[in-house]
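The structure appears below as structure tokens.
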Amino acid sequence: MGRAAAAMIVPLVLALCTAVAGAAVVEHTFNVGGMNISQLCTESVIYTANKQLPGPTIEANEGDTVVVHVVNDSPYSLSIHWHGIFQLLSGWADGAHLITDCSIQPAANFTYQFNITGQEGTLWWHAHSSLLRATVHGALIIKPRNGTAGYPFPPPYGEIPIILGEWWNKNVNDVETDAHLTGLGPAISDALTINGMPGDQTPCQGAGVYEVEVASNETYLLRIINAAVNVELFFSVSRHPFTVVAIDASYTDPYATDVIAISPGQTVDALVTTSAPPGRYYMAASVFDSKTVSFPFNTGTATGVFRYEGAPNDTAPSMPAMPSHTDVVAAGTFYWSLTGLVRPGDPPVPTAVNHSMLVEFGLEQGPCAPDQTRCQGFALVASMNRNSFQFPKNVSLLKALFDGLPAVYSEDFPVTPPPVPGIRKATSVMKVMYGDVVEVVLQSREYSGVLGTESHPIHLHGFNFFVLAQGLGPFDPTSAPSAYNLVNPQVRNTVAVPGGGWAVIRFTANNPGMWFMHCHLDAHLPLGLAMVFEVLDGPAPNMLPPPPVDYPKCY
Ligand code: C2O
């Protein structure tokens, strides 16, 4: 070896050592069990992790290993999904009930373990079985390997997680059961919440208000998560404009706005500067209702307070101007204006596409099933390319793939909408090879003529995707591609496909496993608005290892 080459190796080895030395194990125990709560002037028992609503925040650095021991002290079986985590070669830990694993039974426990590789920003975790995620959720914050110095913006003075949620004055499992029995979907929620509290604009006197103290003339990073179950939201802080710097744990070009639109599953990282006169300022969240045919929805406003240090508690806060509930322009402007921040070393948008799919989806009226005892005339049903997704019964799809079990699923998910009328109930997956590039035109459709359309947040497990373009109406394959952003598209794990419109996403299937893609409006998941990508093993070492020894059994 020449002297020059030897000299070059030393700094490289040093660099590797520092990187490895920085990787830590972040360990938590989540006891999921009942907790008494007085909320909205109602006493109830809800199920949470460690008796916290929202649940504990997991904080890690890129490169760390996360270990979470989940103890199920609730009467429900449950799994926990690490929303947005790639789960590179750790698909068993994805926590998607019956897709990658089976729920943890009551009185049982399971340890999720995964590495965080190649992603930083705000993600979250939530129960992925039934409506339990209304109360079983929390933030998952990933800092750069070298800490806040690694941010592509000046390190903020402080960071404030803002978890937006939905609250029912009722056991959420009963809400879900009712939704199934009637076939009409869940009852609307009784309140929206900010960090678990509805704020002071509800009819309940003395409802909890989330209040955070801030110093004057500093910059804060808000890590905003939409953990609501069924509603897209607008979010604003009075007299504090935002600079958005990341979405779904992917950095964006800085984007200035007074109002944020955020759909269930999505996150937004936004900087705010506390340069208003010292005082108290409301933050507020309200529903963005995109339905083209109007149905009842939660018209409440959740509030929280930014209180400047020293500001007296009795000053009445000022309210931000919120867009109207139906302001599709405000929502669309936010969703469509964001572009990805391209940094050296970031993977470029792949240009050679192996699978080009057109996936149409929507809701329609179907027959009442025999067990839908309160169904009157019709039950809602949803599909993607006319396949209404059915969960397998006794084994997860990932286990079936790994063990080569026959007849659990079929590999015939259609690449384009089939011409045949009618819906097929099936556990049908789209099979792709390791490393294939997949492009999907997600097209929202109105099938019924009665139900209209609405914006659907489509979430993909296991990968981020580039959002190349979005539009209203039917996708036009001749004109649309010329407008694709192949330079700096936004990168997401959840895209709000406009009602009756479309979004084009592209990703590289570089992670073997079974990856769920579904509407993150929880109401639409049991109706079948879902599909699965089966990604085969690549050449070693890109092969899925065997399941962990304590992998939950299916019953
Ligand atoms: Cu955040 Cu499949 O979910």
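All values derive from a computational prediction rather than experimental measurement. Every number for a ligand or one of its atoms is a count from 1 in the order of the listing. Side chains included, hydrogens not; waters and symmetry mates left out as well; all remaining heavy atoms used. Residues: numbered from 1 along the sequence shown.
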So, do Phe110 and Tyr112 have ring centers that fall under 6.0 Å from each other? yes
May I ask you to establish whether Arg492 and Phe466 are in a cation-pi arrangement, using a distance under 6.0 Å from NZ or CZ to the six-membered ring centre and at most 45° from the ring axis? no
With carbon and hydrogen excluded and only N/O/S kept, which atom of His518 is nearest atom 2 (Cu) of ligand 1? NE2
Ser250 side chain to Asp248 side chain, donor-acceptor N/O pair below 3.5 angstrom: no
Are the ring centres of His126 and His81 closer than 6.0 Å? yes
Could you check, using the six-membered ring where one of them is a Trp, whether Phe30 and Trp125 have ring centers closer than 6.0 angstrom? yes
What protein atoms of element N, O or S are positioned under 2.8 Å from atom 1 (Cu) of ligand 1? His83 ND1, His126 NE2, His520 NE2
Short side-chain to backbone donor-acceptor contact, Asp403 and Ala400, under 3.5 Å: no
